[in-house]
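Let me begin by presenting the structure, written as structure tokens, before commenting on it.
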Amino acid sequence: MEFYPLQQPEEIAEREKEDAMGAYLMMFAAVAIGLPLPIINLIASVIYYFINRKKSKFIHFHSLQALLSNIPTTLINWVAVIWGVTIFLREDWVITQEFWAYLIFAGACTFLYFIISIIAAYKARQGKMYYFLLFGKIAYEVAYRVKPADAQSTEPVNKPPF
Amino acid sequence: MRTSTFRDLFILLVIGVGLFLGGYLLVKKIGRSDFDLSFKVSYEQEEKLGNLFKDLIWDQFPTEKDNAADSALQQIKDRLIKALDTTAYRYQFTIIKNEQINAFTIPGGNIYVYSGLMKAAESPEEVAAVLAHEMGHAEKRHVVTKLMKELSVTAIVTILSGGDPSTLTQILRSIIGNTFDREQESKADQFALELLEKAKISPKSLGRFFERLNEKNLDYDENLEILMTHPHNDKRIDQVRKYKTKNDFKPEPFQIDWKKVQGSL
């Protein structure tokens, strides 16, 4: 498998660095709007990804990494919301130990996700790559892999007459 | 997929499971058996509330005192309380003179058993089983949870600061007559089974008493109030049947002349 060479921080434009950082920071605002429905941040990440992925490989990588890492946290928080609603709809409102344990788990996951997102945003602003476990590798592969379609497109469209 | 991707996935799963177990252990360590509405009412407030209801019961129901039945009940109580590891309650068991077969718990660890139930029980172990079940409702704070659901904290505080007696009577009726939900009944059963075993009383007594009453209920008996307030479905009877005592468990029967006790009622 062939990959495009990674750009170094000095080769990346300021605007690109800001856009890459935005992928992580935008999620914070979306979380605030989305509470207690943790879906807005995922929708925002998807929109951000599709708007920005073509701008550059560096932005593509970071916005995809932000989007992918958002999925498990969103699912975990959704389970918490649905579980909470079912308790609320029941007559006795008995909150079990398992539910409290799950809330702590969901809170810890979200907190961990916030921390690594802040680190990633900081690194992106400096023009550096920062790989999350699993999602970093997937995002790198998607953003930097040389696709057959890319190879064809490197052939010049405008050719001299002879 | 690359090996390193699987490794990452594995690490993430380990972190996830670790966080969940950590959360679970933390909840266990804090030690609340149920994080429910009841924690908004302190044990002191609950005791005060219980005292108000006690006075009301004292006024409205005749009770059995200083006879063989009362002393038998105190013996049963002592055995059960000795088997409790810790408790926030000062339990009081009282017999109400009434032919209905029923028992109920009011806030503050005050448990009432009807003389009809004592007559229907074939042994002190069966009464102990019903009382252990009622203690389960107290320990798991089901009574307060139910009150909180029906009244709200503000109403409880108002009652504590000198509530209207007619409201209190209404609430008391609801405590005596209302059922707990299936999950609460099942939790109280589980508590009772474990407590009975610790107190060296056969946990089977719990199932035996209710099964007999269930059979009796086929010929409708209006005194079987306990079946209305404690519906024993098959699942719960099964729970009692499936309960396994430790291998070295040996029940120690009460030294109570049960016929004499029943005769004194």
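Just so we're on the same page: letters track the sequence lines, and every chain starts at 1. Please read these numbers as outputs of a predicted model, since none were measured by experiment.
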field: CG-CZ distance between B:Asp8 and A:Phe132, expressed to the nearest 0.5 angstrom
entry: 12.5 Å

message: Looking at A:Lys128, I want to see if its NZ is surrounded by more than 12 non-hydrogen atoms of other residues, nucleotides or ligands under 6.0 Å.
response: no

- prompt: chain B heavy atoms under 4.5 Å from A:Phe99: which part of the residue, side chain, backbone, both or neither?
  reply: neither

message: Among residues at least two apart in sequence or on other chains, which ones pass side-chain hydrogen bond (donor to acceptor under 3.5 Å, both in side chains) with B:Thr245?
response: none

- request: Measure the spacing between CG of A:Leu133 and CZ of B:Arg7 and express it to the nearest 0.5 Å.
  value: 8.0 Å

task: Starting at CZ of B:Phe10, measure out to CG of A:Leu134 and round the result to the nearest 0.5 Å.
output: 13.5 Å

query: Checking B:Ile15 against chain A: side chain, backbone, both or neither under 4.5 Å from a heavy atom?
result: side chain

- prompt: Minimum heavy-atom separation for A:Ala101 to B:Gly23, with atom names?
  reply: CB-C, 3.9 Å

- prompt: Can you tell me how far OH of A:Tyr102 sits from CG of B:Leu19, rounded to the nearest 0.5 angstrom?
  reply: 11.5 Å

query: Could you state the interatomic distance from NZ (A:Lys137) to CG (B:Leu9), rounded to the nearest 0.5 Å?
result: 11.0 Å

- prompt: Does CZ in B:Phe249 sit with more than 12 non-hydrogen atoms of other residues, nucleotides or ligands closer than 6.0 Å?
  reply: yes

For residues 103-117 of chain A, please give each side-chain donor-acceptor pair under 3.5 Å, one per line with the distance, not counting sequence neighbours.
residue: A:Thr110; atom: OG1; partner: A:Asn77; partner atom: OD1; Å: 3.4
residue: A:Thr110; atom: OG1; partner: A:Asn77; partner atom: ND2; Å: 3.3
residue: A:Thr110; atom: OG1; partner: A:Ala106; partner atom: O; Å: 2.7
residue: A:Tyr113; atom: OH; partner: A:Asn70; partner atom: ND2; Å: 3.3
residue: A:Ser117; atom: OG; partner: A:Tyr113; partner atom: O; Å: 2.8

